[in-house]
Each structure stands twice: as structure tokens, then as C-alpha cells.
Protein chains: 2
Amino acid sequence: MDLTSVRGAATIEEVAARAGVSRSTVSRVVNGSTAVSPSALEAVRRAIDELQYVPNRAARSLASRQTRAIALVIPEQTDRFFGDPFFASIVAGIGEVIGESDYIMNMLIASDDASAKALGYLRGGSVDGAIVASHHTSDTFLDRVADVVPVVYGGRPARVRADDYYVDVDNVEGGRVATAYLLARGHRRVATVSGPSDMPAGIDRLHGFRNAMAEAGLEPAAVENGDFTEMGGALAMNRILSSGVTPEAVFVASDLMARGVYTVLRDKGLEPGRDVAVMGFDDSAVSTALTPSLTTVRQPSLTQGRHMASVLLDILAGRPAAHATILPIEVVERDSA
Amino acid sequence: MDLTSVRGAATIEEVAARAGVSRSTVSRVVNGSTAVSPSALEAVRRAIDELQYVPNRAARSLASRQTRAIALVIPEQTDRFFGDPFFASIVAGIGEVIGESDYIMNMLIASDDASAKALGYLRGGSVDGAIVASHHTSDTFLDRVADVVPVVYGGRPARVRADDYYVDVDNVEGGRVATAYLLARGHRRVATVSGPSDMPAGIDRLHGFRNAMAEAGLEPAAVENGDFTEMGGALAMNRILSSGVTPEAVFVASDLMARGVYTVLRDKGLEPGRDVAVMGFDDSAVSTALTPSLTTVRQPSLTQGRHMASVLLDILAGRPAAHATILPIEVVERDSA
DNA sequence: GTGAAAGCGCTAACAC
DNA sequence: GTGTTAGCGCTTTCAC
């Protein structure tokens, strides 16, 4: 490309001149105002077309104090983000809704080392609002984003502030029903591979597990953290088995971790679903890809994504929006438990 | 959050007033100019800190004609993008390099229906340059992006224009060595599951396959398109088997598709690696996750991502950059062939 | 229905 | 080393 062409990009002024009207009229046409005569409208449209005019976003947002852009902030390492199909669903849901709006969505991978830059970007007025997918206790920079633009969280934030918005499922309940399901099948030696302890989703599902066990008057056979990754799940299951206990059933706090659990189980000569019942969480793509297919707790990730986006759109449009949206979960029975 | 706080964001003017200097001096400090006295510098810094000042990006970019942002354009459906670990590596590589620069990177998922909006965004001066990961023949909107900002393509574009930049591997050669490897092991009935015919990578690997077969005086046992997806790979392998031919070996043009191939093979009672040799392409995370581990053609995706980013950074900085960068490939021998 | 004019918050000559 | 002065390209009153 030719760098001069950047400078040469048509301005509203040129369009106006060509169409024989004022800047204001062009602006009205571009912004869809009705108060324009048919002839002017036609002239402007043609000029825009001929000049390939695209309004300069910076100028526009400087004048209007709006960017018509929202950020999808991913406070994760790249590999974890791409490794878990859960994020794919969330993003797809968000993208779907934002796609129908006139906002543009840009994804920002804000892993630890990139968070300072991301913060500057977000606070520098580059977007009108932000959606935060996945949230860790340590992500304190997010608070400073929320000071400046509306933020919608995917999952309840670690510290909920009065005017936070979030879309979530009841993870405590999810952990509970998952465990209760296992218990109802007659299992007594039940272990769990939990999610990270710096994420509400991880903490809550573990709570649910403990609650269900306590209600049944049982002690957990084992509790190991798997960090929501396949490898972490494998490692956790390995620790459980190495410690000498072979559970009858294990509640794994994410489908992806369950994949790791399967691998380790088989490594030790244990067949998932037959020798050890396995219950997942998410109902993501991996649950059906696994053999035997994974019995799991379904959380509607796509819907969750859609909700997050519409809540943000509502806020941006000045419409009332619910601060907390809790979506329903359900056990999906398959072959592993 | 409080909407008034947005309007209340400190401006350079306020910082200047508080520090007792002019706007220019503040600007100099913010932009790291050396020509500022220590006392002024100190005063400005304190003011910035107290006011939590963050320069307004729109104003800045309007005045400087630079955005200090680059776009990572993904012309794919969300699920394909997230489904293939190849993209994860590319993005990680790009992110790594951009992360060290003072540019911010924002990812834009520009699937068919979103491409018009993405085009407007890209042409509206929102970014200084773009990296396009994965490129289809049908993505004509990209040409119009390249008219306005520098673009670096991941993979050779369908129609290379004189001033295009891209980073790629030699896919024809990749397909050839993969097939030659299979042939060298004594296989004669060799089939291929190819990539999409609207992507140069798909076309070229198939060419390489055909070349190698022709050189050996052999006819392909079968050629089926798998669209670079796991499901597509499974379907393609299924078509091959259903047509009555059972190849001794199959060159699958991506690791992800090979996963689908494994599944179908086993479904038909054929063990990958023993009954049918399978050769992949990518050397992505799936190749080692598979059992038996996948023999494949390694393309250095992470490096590819890094290169794309540095080429773009070079262009943006006015440094000379190579239009075509071709990275080396190699066969990685594992257990499937 | 349309245009003139002010100004969004910043950078970048240009003086001093 | 520092301040003054023009804009950057657009939206948005406010007259007419």
C-alpha cells in the first residue's frame, strides 16, 4: 500500500464540496438524520460513493464523545483462552449480539504482562464499554476500567461492587447437583478436581461439592486443584490416584479438565465411566467428543455470551439492565456417570 | 460506574494547570521528549498521577494521525478460529511481539456477516496497520483494507499484489515431503484429506501431494476435501472409506483434521498407524495429544506469528521489510506413520 | 431543510 | 526549555 493514500483519505469537507452542500448536511446523511432533502441526500450519497468516504473514527469519537466500539477483555494467557471451548461459546454469543448492533467489538487479550497497556487503552476512551470474560481475583486493573466505562462481567466478580453487572450461573448449586447426582448413583468415595482458587467459578463449584458431601454425611475422598486446564486436570487426577485413593466417582469442575482426567485414569488401567464415574462441568464441545461421552453440568455459555452483550448494549443505550443475571444449569446425563 | 466520570476524565489542560505549565510541556512529558526541565517533569508527573490522567486516544490520534493500534483480523467463523490450535499459536506469536512494542493489538473476528463493519472500522483510521491471519479467496474486502493501511498476511494471499507482505511456509514443498515420506515407507495406495480449495494453504499442500505421487508414477488412491476442521476431516475420511478404497497411508493436510480421521478409522475397525499410516500437517498441540502420536509436518506457527508482527512493526516504523518471508518446514516423525 | 461556527483533547510547528 | 498557535476531522447547537 501507499502511505500517502492514508493522508489522502477523503474527508467530510471534500464530500461536502463535491455534493455542493455543507459539512453539516453530509454529517446528517452519514448519521441517518431524516431532516435532509431528497436531492441533497442523493447528491451526498453519490459523493460518498465516488470518494469512497469513510468517516474518520477518531474525529468522530472526539466530537461525539462516543466510540461505537466495545472491548471484549480476556484476562487470560493466550493458550488457556484458546484451549478451552468454553471461551469459544462465550465469544460466539457475544459476537452474535454485538454483530447485530452498530458497535464494533474488539478483543483484547490482557494477560498479566499486557494489562497495563490494556488498561491505558480502556481508560483512554477507546471504547464505550467493556465485557470481561473470565475473572480472577488478581485482576485488579479491571476495577480501574470500571471507573471509566461500563463493564459487564462474565461470571460474578471476586468482589461485587454495588453497580457491577454480571451474567453467571449458580456455580454453588451446579457443584451441588453434580455431586448429588453422583451420590444418588450410589457412589460414596467421591473426589473432586476443582477449578482455580482465585476464580469465583472454581471456588463456588467446590463449595457446592463440599455442601453436597456434607449433606450426605460424607467426607470428600480427595480434593485437588486442576486450574481449568486439561493438563491441570490430568495432574490433579494423578495426585489423587498417587495418594493411594481410588475414588468411585469424581466431580471435575470443567469438561476440559475431564479430558485430562480420562487420560490419567486410562493410564492407570481405570476405565472412565466403568471403573470411575466422571462428572464434568460446562457441556462444552469436549463433553461429546470424549469416549465415553461425558455426563456433565450444562451451563448455557452461548446464551451467557449473548446476555453479557445485551446487558452492555442496554447500559450503553441508557436502558435499564439487571445487575445480576443468573442462568439456569442442568445435569446432562451421558455415559461417564 | 458513574457516567459523569467519563466526561470528568482529566484533560491535558487540567494537568497543565495543576502542574503550572503549558499543554505542550505536559504533552512532551507524556510523549517522552527529553527537552523538559527536571522540575517541570516532576510537577507534571505528580499532576498526572493525582488526576489519574490518561491521554484521550481519539484526540491524540486525530492530531498525530497515528493510532498506535494494530488490528489482528480473523476472517473465520468463531468456531473454526477457536477450534484449531494453529490459530492459538499464531496469535500467541503475534501477541508476544506486539506486546513488547507500544502498540496495542485488537482482534477482529471478521466472519462474512461482520466483514462490512470490520471494513469500515479498518478504513476509518482506527488502526495503523493490520495482520490478517488465514486468508480465503473470497475475502475480497481485505484488498480494500490494504488500500488504506499496511497489511501483513499470514500465508500467501490468493492474489499477491506487488506491495503485499506475507509470512508463510512452502506449502507445496510441505505436501511433497509429507507424501514422499509416506512413499519412502513403502506405501503405494496413498490418499489425501485436503484443505479448503479457497485457501492457498489448502491448494498448495494438495499440489505437493500430487507432485510427489506423480514423481513416483502413482495415482492418488483418493482425494477428499476436509476444510481444515475436525468434522470435515472425519467426513472426508469417511467418504474415502465408503468409496471402497482402503488406503495404506493418508496425508491429512492439518493435524486437526487428522483427529477426525483417527475417529473414523477406528470406527471402521482400522487402527491409525498400524492399519493405515497417517501423516498430519502443522505440528500443533493435537499431534501429541493424539494416540498414537501423529507424525506430521512441522510449520513453526509461533515463529510465523512473531514474524508477521515484526514485519508490520517494521513497515510502521519505516524500516525496510521483506515482502515474502518463507519459514522452513520439516517432517516430525512420531508413531502414526 | 440547511449552513456557520464553536469546540471535542490532543500534537506539532514555531517563536521566544 | 517552554509557551503560543494552528489545526486534525468530525458533531452539534444555533440561526436562518
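Not measured: the values here are computed from a predicted model. Note: hydrogens, waters and symmetry copies are ignored here, and every other heavy atom, side chains too, is used. Quick note on labels: first sequence line is chain A, next is B, and so on, each numbered from 1.
Closest to the side chain of R65(A), from the set dT2(C), dC8(C), dT2(D), is dC8(C). Closest to the side chain of V36(A), out of dC10(D), dG1(D), dT2(C), is dT2(C).
We find that E42(A) and R46(A) are joined by a salt bridge, their nearest charged nitrogen and carboxylate oxygen being less than 4.0 Å apart.
H307(A) pairs in a side-chain contact (heavy atoms from CB on, under 4.5 Å) with only one of the listed residues (L302(A), L327(A), D168(A)), which is L327(A). Each of V167(A), T303(A), V152(A) was scored for a side-chain contact (heavy atoms from CB on, under 4.5 Å) with T325(A), with one residue passing: V167(A).
In terms of the side-chain hydrogen bond (donor to acceptor under 3.5 Å, both in side chains) criterion, residue partners of D314(B) (sequence neighbours excluded) are, by chain and number, R319(B). Under the side-chain hydrogen bond (donor to acceptor under 3.5 Å, both in side chains) criterion, S89(A) pairs with no residue, sequence neighbours left out.
Heavy-atom distances under 4.0 Å link DNA chain C to V21(A), S22(A), R23(A), S24(A), T25(A), R28(A) of residues 19-30 of chain A, given in residue order.
Rounded to whole Å, the distance from CZ on R57(B) to P on dC8(C) is 21 Å. E13(A) has its CD atom 10 Å from the P atom of dA4(C), to the nearest Å. For N56(A) and dC10(C), the CG to C1' distance is 13 Å, given to the nearest whole Å. The distance between atom CG of L62(A) and atom P of dT11(C), rounded to the nearest whole Å, is 12 Å. Rounded to whole angstrom, the span from the CD atom of E14(A) across to the C1' atom of dG9(D) amounts to 11 Å. Atom CG of N31(A) is separated from atom C1' of dT12(D) by 10 Å (rounded to the nearest Å). Here dC10(C) presents its C1' atom at 13 Å from CD of Q66(B), a figure rounded to the nearest Å.
Between R60(A) and dG9(D) there is no side-chain N or O to OP1 or OP2 distance below 4.0 Å. At dT2(C), one or more side-chain N or O atoms of S37(A) fall inside 4.0 Å of OP1 or OP2 (strictly under the cut-off).
The minimum heavy-atom distance between H323(B) and D164(B), with the atom names listed, is ND1-O, 2.8 Å.
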Output a table of donor-acceptor pairs, distance under 3.5 Å, between side-chain atoms of residues 68-76 of chain A and any protein atom two or more places apart or on a different chain; print 'none' if there are none.
{"from": "R68(A)", "atom 1": "NE", "to": "Q66(A)", "atom 2": "OE1", "distance (Å)": "3.1"}
{"from": "R68(A)", "atom 1": "NH1", "to": "D102(A)", "atom 2": "OD1", "distance (Å)": "3.0"}
{"from": "R68(A)", "atom 1": "NH1", "to": "D102(A)", "atom 2": "OD2", "distance (Å)": "3.0"}
{"from": "R68(A)", "atom 1": "NH2", "to": "Q66(A)", "atom 2": "OE1", "distance (Å)": "3.0"}
{"from": "R68(A)", "atom 1": "NH2", "to": "Y103(A)", "atom 2": "OH", "distance (Å)": "3.2"}
{"from": "E76(A)", "atom 1": "OE1", "to": "R80(A)", "atom 2": "NE", "distance (Å)": "3.0"}
{"from": "E76(A)", "atom 1": "OE2", "to": "R80(A)", "atom 2": "NH2", "distance (Å)": "3.2"}
{"from": "E76(A)", "atom 1": "OE2", "to": "S134(A)", "atom 2": "OG", "distance (Å)": "2.5"}
{"from": "E76(A)", "atom 1": "OE2", "to": "H136(A)", "atom 2": "NE2", "distance (Å)": "2.7"}

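Note on the helix from dG1(C)-dC16(D) to dC16(C)-dG1(D): angle between the axes of the first and last five pairs equals 30°, rounded to 10 degrees.
Pairs passing the ring pair (Phe, Tyr, Trp, His ring centres under 6.0 Å) check and including a residue from residues 44-83 of chain A, sequence neighbours excluded, read F81(A)-F87(A), F81(A)-F82(B), F82(A)-F81(B), F82(A)-F82(B).
Counting any heavy atom pair closer than 4.0 Å across all strands shown, A40(A) reaches sugar-phosphate atoms only and no base atom.
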Checking V151(B) against L142(B) for the side-chain contact (heavy atoms from CB on, under 4.5 Å) test, could you report, in this order, the C-alpha distance in whole Å, the side-chain angles of both residues, the deciding distance, and whether it holds?
CA-CA 9 Å; V151(B) 171; L142(B) 292 173; over 6 Å; no

